[in-house]
2 protein chains.
Amino acid sequence: MLKYSGQTRILVAVDCVIFGFDGENYKLLLIQRGFAPEKKRWSLMGGFLQPEERLEEAANRILKQLTGLENVYMEQLHVFSDPQRDPVERTVAVTYFALIDIQKYEKQLSKEFHAEWFPVKEMPELIFDHEKMVETAKHRLRYKAALHPVLFELLPDKFTLPQLQALYEGLYDTTFDKRNFSRKLLSTGLLVKQTDKDKESSKKGAFYFKVNKQKYEDDFQAILNLIPKPDKLSNSAVILN
Amino acid sequence: MLKYSGQTRILVAVDCVIFGFDGENYKLLLIQRGFAPEKKRWSLMGGFLQPEERLEEAANRILKQLTGLENVYMEQLHVFSDPQRDPVERTVAVTYFALIDIQKYEKQLSKEFHAEWFPVKEMPELIFDHEKMVETAKHRLRYKAALHPVLFELLPDKFTLPQLQALYEGLYDTTFDKRNFSRKLLSTGLLVKQTDKDKESSKKGAFYFKVNKQKYEDDFQAILNLIPKPDKLSNSAVILN
DNA sequence: ACAAAAGTGTTACACGTACACCCATGG
DNA sequence: CCATGGGTGTACGTGTAACACTTTTGT
């Protein structure tokens with residue numbers, strides 16, 4: 001099976017940056033390595049690409065191992081290839097980022113992999129170049145979410161407008177005017193108002209919405225203006241950092 | 001050096017989708033393979049990732065081999081990993097796309113690699129999954145150029161507004177109103193009007209412009225509305241296909 | 001003088017932003 | 001009855017699209 005002679009074969013790893021949102025904060029699912037090197041240090045969930053496997057399959061396999069979930073929103077992010085990035089052996093790492101509804105997370109935390117959700121803002125140090133991977137993923141998510149309705153992937157099937165707004169505000173670390181926010185989001189036609197309310201977080205209760213799945217799929221690639229622009233300069237600033 | 005035991009090492013290829021623009025049409029730089037398998041068939045320029053090399057270095061090395069150019073705009077595109085994609089041996093292919101000023105292309109065509117520029121619309125059949133790579137690159141370029149001033153990379157230092165408009169029109173296969181186009185592009189502050197004119201393509205002559213390099217670098221990541229939106233639906237359509 | 005391409009200005013509309021008050025409910 | 005969070009409407013300004021005529025000059 002080795003037919004291109006004189007070439008070096010290299011390990012190909014797949015690492016997953018898994019985002020969740022608990023209603024207040026963005027979270028990352030990390031695992032603590034139980035073996036050397038770097039034992040006890042935190043890292044992204046990853047694994048090696050297998051001989052008969054495509055990268056997406058590997059990423060899904062890893063995600064399922066860790067979360068029990070399938071059919072999750074996932075996107076190829078970037079390949080990290082510094083020859084020294086893994087001190088054990090030259091490894092090229094293909095990163096994926098995934099958005100999951102944290103409530104659907106099925107496995108017992110820490111059971112098989114010593115996994116834990118960390119607030120993105122209070123992450124431990126990670127091994128190798130995994131922090132750079134996380135930075136890249138955060139950046140990509142901010143970019144993507146400004147233009148496409150991707151953040152719904154982080155919410156349960158039923159959610160309220162205040163929840164949705166908290167989700168967007170958390171990502172850009174800012175606050176939006178709720179009147180404009182609701183008008184803009186409703187005007188996309190992506191939201192279907194339900195008749196029942198969430199009474200957990202307020203006395204009055206907030207109406208639930210669901211995503212119009214058909215329109216979500218049809219419009220996903222459309223460029224939507226999902227975050228406000230107070231003025232030109234701060235707009236650029238918000239999207240990019 | 002093999003320390004992760006039980007894992008399969010895989011060939012990592014780098015393939016470059018190289019775009020140029022000749023004033024009328026988008027072009028792709030392709031090479032004709034001089035050896036089996038797939039001898040005489042056209043393909044993207046590529047090569048294997050070397051042991052001590054990062055992917056970007058490999059991509060630049062390959063680009064320099066084929067074009068003689070360095071410091072070219074290049075972007076990691078996507079990794080293709082179908083186990084059957086290369087019938088010779090399992091190979092994971094990391095694609096890059098590059099934008100070059102076709103006038104700066106230095107090598108004699110066909111000299112070393114039997115290379116040729118093909119209009120994007122009249123490409124020959126390509127080997128393996130290279131046509132899929134080209135499709136992905138075209139899609140990404142359309143997306144990117146709608147939001148960021150990336151197309152300047154395809155033009156010489158001095159260019160005219162009509163040339164610039166032809167560049168945008170070619171990419172989206174449509175026509176724009178020249179009054180709105182010039183107003184919009186000038187309003188970005190990215191263009192510096194020169195005092196001399198291009199007299200080649202008209203009797204009256206068209207003023208040359210140069211890119212304001214400082215502002216280009218500062219604003220590159222800003223989200224600019226570089227292509228018109230006749231209405232919501234057709235906007236989405238234009239950007240995405 | 002005429003053909004061919006470059007260059008420019010105005011108007012109408014849509015969209016986005018700023019902003020303040022009322023509503024419903026549980027305690 | 002009051003405190004808390006949910007929900008809504010308007011007015012203004014900005015940005016974008018539609019649209020037609022004049023300028024320049026080579027032949």
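Chain letters run A, B, ... following the sequence lines, proteins first, then strands; residues in each count from 1. This is a predicted model, so every value here is computed, not measured.
- Rounded to whole Å, the distance from CZ on A/F159 to C1' on D/dG6 is 16 Å.
- At a threshold of 4.0 angstrom between heavy atoms, the contacts of A/T160 with the nucleic acid are absent.
- Between the side chain of A/R179 and the base of C/dA18 there is no donor-acceptor pair of N/O atoms closer than 3.5 Å.
- One can place CG of A/D198 at 18 Å from P of C/dA24, the figure rounded to the nearest angstrom.
- With D/dT8, D/dC19, D/dG7 as the choices, the nucleotide that has an atom nearest any side-chain atom of B/D177 turns out to be D/dC19.
- A/C16 pairs in a side chain to side chain contact (heavy atoms under 4.5 Å, CB included) with only one of the listed residues (A/I62, A/T95, A/N60), which is A/I62.
- When rounded to the nearest whole Å, the span between CG of A/L224 and P of C/dA14 equals 19 Å.
- Computed from coordinates, the B/L186 CG to D/dT16 C1' distance equals 16 Å when rounded to whole Å.
- The distance from atom CZ of A/F207 to atom P of D/dG7 is 7 Å, rounded to the nearest whole Å.
- Every residue was checked against the ring pair (Phe, Tyr, Trp, His ring centres under 6.0 Å) condition with B/Y96, not counting sequence neighbours, and none meets it.
- Rounded to an integer number of Å, the gap from B/F181 CZ to C/dG9 P is 18 Å.
- Take A/V211 and apply the side chain to side chain contact (heavy atoms under 4.5 Å, CB included) test, not counting sequence neighbours, and it matches A/F152, A/F159, A/Y216.
- Here the straight-line distance linking atom NE2 of A/H130 with atom CZ of A/R41 works out to 10.0 Å at 0.5 Å rounding.
- In this entry the distance linking CD of B/E200 with P of C/dA6 reads 13 Å, nearest Å.
- Ring pair A/Y73/A/H148: centre-to-centre distance not below 6.0 Å.
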Please tabulate the protein-to-nucleotide N/O contacts below 3.5 Å involving nucleotides 10-13 of chain D, giving atom names and distances.
from: D/dT10; atom 1: O4; to: A/R183; atom 2: NH2; distance (Å): 3.2

What side-chain donor-acceptor pairs closer than 3.5 Å can you find for residues 187-194 of chain A, not counting sequence neighbours?
from: A/S187; atom 1: OG; to: A/K184; atom 2: O; distance (Å): 2.8
from: A/T188; atom 1: OG1; to: A/L185; atom 2: O; distance (Å): 2.5
from: A/T188; atom 1: OG1; to: A/L190; atom 2: N; distance (Å): 3.2

Using a cut-off of under 3.5 Å, enumerate the N/O to N/O pairs linking the protein to nucleotides 21-27 of chain D.
from: D/dT23; atom 1: O2; to: B/K204; atom 2: NZ; distance (Å): 3.0

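- Using a 4.0 Å cut-off, some side-chain N or O of B/N225 falls inside it from OP1 or OP2 of D/dT16.
- Within 6.0 Å of CG in A/D157 there are 12 or fewer heavy atoms belonging to other residues, nucleotides or ligands.
- The distance between atom CG of A/L161 and atom C1' of D/dT8, rounded to the nearest whole Å, is 12 Å.
- Remark: B/K132 does not engage B/E135 in a salt bridge, criterion side-chain N to carboxylate O under 4.0 Å.
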Result block: side-chain N/O donor-acceptor pairs under 3.5 angstrom for residues 199-207 of chain B, not counting sequence neighbours:
from: B/K199; atom 1: NZ; to: B/K203; atom 2: O; distance (Å): 3.3
from: B/S201; atom 1: OG; to: B/D198; atom 2: OD2; distance (Å): 3.4
from: B/S202; atom 1: OG; to: B/G205; atom 2: N; distance (Å): 2.9

